[in-house]
Amino acid sequence: MTILIESDEHKALREAVASFAKGRSGTADNKTLWREAAKLGYIGVNLPEEYGGGGGGIAELSLVLEELGTAGCPLLMMIVSPAICGTVIARFGTDAQKREWLPALADGSRLMAFGITEPDAGSNSHRITTTARRDEASGDWLLTGRKVFVSGVDIADATLIVGRTEDSRTGSLKPCLFIVPRDAPGFTRRPIDMELHAVEKQFELVLDDVRLPADALVGDEDAGLLQLFAGLNPERIMTAAFAIGMGRYALGKAIAYARERTVWKTPIGAHQAIAHPLAQAHIDLELARLMMQKAAQLYDAGDDAGAGEAANMAKYAAGEACVKAVDQSVHTLGGNGLTREFGLASLITASRVARIAPVSREMILNYVSHQTLGLPKSY
């Protein structure tokens, strides 16, 4: 049974992370923040204890990211390194892959990026053209293709690449996951010039016959979508946490301003035109958090199908709530909302990311209409 009332352990974790993150807003030194958070066990809280992790799940990891975001110092790579890559390796990796990667991902000494999106595939993962073929003589894999909008490749030790191999029985292509070291010959990156200003940069990747040993394949070659969605559901849940944290951060700034800013006789927060939209934004964020917690609990309980629906809904709800909270917060501050001093204007662009990535709100509506409501597809 899914219980959405936080346990005492979760409340204590939330308080501890909030205390740790307090006063760190605006810091550009994410490397130090990452290292210090990892030392306290926050980065690897979801990874198995036998490999140095906290033995928790996505419920705990999403809580950590939400509180970091609420304090104004979110760590985007938490979505990628421990949540996607760490989860996939913990569930499907070989013993050797687990020994090599999980302790280092847990203690923050190594990071892993994740590459799935392609220039011509977008939301349609069935059109992925990055292919992996066997070198029959050596048993090595050869990967060829391109990826775009891959976060943090410059600071990651390796990238978990989604490629496709040919099924010898049917001749059709099936998705597989490969660990590609950052210095692998033929593996090159180019930064994408983003209008969005973030510590973590976005990259386009080119794989030109990148040769990998046989053990670079994660899990079973025939598992296909099972392994892929083992990483994508946590990605959606963690993106929801990222968005909720951002929304709470913006709302906190607006509430503090509305309590103090006095134009006539009372603070502007006493006026319903200011107070009600902020109250609505808070309600929307709380509702999104409930769905995020449900999705995390379902995923951690092993219900991949139930978690898939809830994770998509949580990501949708959190993205919408975040955009509205940021917009209303900027509006509450008026001209001050566009100044560097208050640090809200940059969130106007950043909040849109939660509507777009890792899957657009329209594709989530497609998922719900087809999978939940049973309506026919238009494509």
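The structure presented is a predicted model; accordingly, all values stated were derived computationally and were not measured.
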* Asked: Could you walk me through whether L212 and L143 pass the side-chain contact (heavy atoms from CB on, under 4.5 Å) check?
  -> CA-CA 8 Å; L212 301 171; L143 265 66; 3.9 Å; yes
* Dump the intermediate steps for salt bridge (Lys or Arg N to Asp or Glu O under 4.0 Å) on K294 and E309, then the final yes or no. => CA-CA 10 Å; K294 176 181 178 180; E309 178 187 65; 5.5 Å; no
* Run the salt bridge (Lys or Arg N to Asp or Glu O under 4.0 Å) check on R91 and D304 step by step: do they pass? -> CA-CA 13 Å; R91 284 187 62 175; D304 288 337; 3.1 Å; yes
* Residues I89, K98; criterion side-chain contact (heavy atoms from CB on, under 4.5 Å); working and verdict -> CA-CA 6 Å; I89 292 173; K98 292 176 183 178; 4.2 Å; yes
* To do: Decide side-chain contact (heavy atoms from CB on, under 4.5 Å) for L232 and F114; before the verdict, give the C-alpha distance in whole Å, the side-chain angles of both, and the deciding distance to 0.1 Å.
  => CA-CA 10 Å; L232 296 187; F114 179 66; 4.0 Å; yes
* Step by step, would you call T349 with E195 a side chain to side chain donor-acceptor pair (under 3.5 Å)? -> CA-CA 8 Å; T349 303; E195 185 69 26; over 6 Å; no
* Test side-chain contact (heavy atoms from CB on, under 4.5 Å) applied to V150 and T117, step by step -> CA-CA 8 Å; V150 183; T117 304; over 6 Å; no
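Using a 4.5 Å cut-off on side-chain heavy atoms (C-beta onward), H271 and T266 make contact. Side-chain contact between E362 and Y316 is absent, with no heavy-atom pair separated by less than 4.5 Å. Residues L344 and L338 form no side-chain contact, since every pair of their non-hydrogen atoms from C-beta on lies 4.5 Å or further apart. The shortest distance between side-chain heavy atoms of S151 and Q202 falls below 4.5 Å.
At a threshold of 4.0 Å, the pair R189-E204 does not count as salt-bridged, since none of the basic side-chain nitrogens sits closer than that to a carboxylate oxygen. The pair E235-K315 fails the salt-bridge criterion, with no side-chain N (NZ, NE, NH1 or NH2) lying under 4.0 Å from an Asp/Glu carboxylate O. Taking the charged nitrogens against the carboxylate oxygens, E9 and R14 have no contact shorter than 4.0 Å, which rules out a salt bridge. Between D135 and R211 there is a salt bridge, since at least one side-chain N of the basic residue sits less than 4.0 Å from a carboxylate O of the acidic one. By the 4.0 Å N-to-carboxylate-O rule, K11 lies too far from E6 to be salt-bridged with it.
Formation of a donor-acceptor pair under 3.5 Å by the D284 side chain with backbone atoms of E320 is not found in this model. The closest donor-acceptor contact from the side chain of N312 to the backbone of G308 lies under 3.5 Å. The backbone N or O of T262 sits nowhere less than 3.5 Å from a side-chain atom of K265 that would complete a donor-acceptor pair. Side-chain N or O atoms of K147 include one that pairs as donor or acceptor with a backbone N or O of I116 at under 3.5 Å. Of the possible polar contacts, none joining the T159 side chain to the A113 backbone as a donor-acceptor pair under 3.5 Å is found. For the pair D327 (side chain) and I348 (backbone), a donor-acceptor distance under 3.5 Å is absent. Remark: side-chain polar atoms of T372 are not paired, donor with acceptor, to backbone N or O of S369 under 3.5 angstrom. Between the side chain of S19 and the main chain of A16, no donor-acceptor pair closer than 3.5 Å is present. Between the side chain of S351 and the backbone N or O of V323 there is no donor-acceptor pair closer than 3.5 Å. E36 places no side-chain N or O within donor-acceptor distance of the main-chain N or O of L33, the cut-off being under 3.5 Å.
Connection of F242 to V17 is established within a shared hydrophobic cluster, with ILVMFWY side chains joined at heavy-atom distances below 4.5 Å, either directly or through further cluster members. Grouping the Ile, Leu, Val, Met, Phe, Trp and Tyr side chains by contacts below 4.5 angstrom, directly or via other members, places F178 with L207. L76 and W34 fall within the same hydrophobic cluster, defined by Ile, Leu, Val, Met, Phe, Trp and Tyr side-chain heavy atoms under 4.5 Å apart, directly or through other members. Hydrophobic clustering (ILVMFWY, side-chain heavy atoms < 4.5 Å, transitive): V148 and V359 are in distinct clusters. A single hydrophobic cluster is seen to contain both L105 and L68, as judged by linkage of ILVMFWY side chains at heavy-atom distances under 4.5 Å, directly or through other members.
Atom CG of L298 and atom CG of D303 lie 5.0 Å apart (nearest 0.5 Å). The distance from atom CD1 of I179 to atom SG of C85, rounded to the nearest 0.5 Å, is 8.5 Å. With values rounded to the nearest 0.5 angstrom, L278 atom CG is found 5.5 Å from Q328 atom CD. Separation of atoms CD1 (I58) and CG (L63) is listed at 12.0 Å; rounding is to 0.5 Å. Summarising the geometry, atom CD belonging to E67 is positioned 9.5 Å from atom CD belonging to E15; distances are rounded to the nearest 0.5 Å. If you take CZ on F342 and OG on S329, they are separated by 12.5 Å, rounding to the nearest 0.5 Å.
Just one of T130, D209, D208 meets the side chain to side chain donor-acceptor pair (under 3.5 Å) condition when paired with T144; it is D209.
Annotation: cation-pi pair R133/W141 absent, no NZ/CZ under 6.0 Å from the ring centroid and within 45° of its normal.
Within the 6.0 Å centre-distance limit, the rings of F20 and Y42 are counted as a close aromatic pair.
The nearest pair of heavy atoms linking F187 to R182 is CD2-O, 3.8 Å. Taking every heavy atom of both residues into account, I43 and A106 meet most closely at CB-O, 4.3 Å. What you find for T87 and L47 is that their closest heavy atoms are N-CD2, 4.4 Å. Shortest non-hydrogen contact noted between T332 and I268 is O-CD1, 3.9 Å. Among all heavy-atom pairs drawn from V210 and A184, the shortest one is CG1-CB, 3.9 Å. In plain terms, the two heavy atoms of R146 and V206 that are nearest each other are CG-CG2, 4.3 Å.
Every residue meeting the side-chain contact (heavy atoms from CB on, under 4.5 Å) condition with E286, not counting sequence neighbours, appears here in chain and number order: H282, R289.
Of the N and O atoms on the side chains of N30 and E200, at least one donor lies less than 3.5 Å from an acceptor on the other residue. Residues N336 and Y257 have side chains that bring a donor and an acceptor to within less than 3.5 angstrom of each other. Defined by atom type and a distance below 3.5 Å, a donor-acceptor pair is present between the side-chain atoms of T129 and E118.
Within a 6.0 Å sphere centred on NE2 of H370, other residues, nucleotides and ligands contribute more than 12 heavy atoms.
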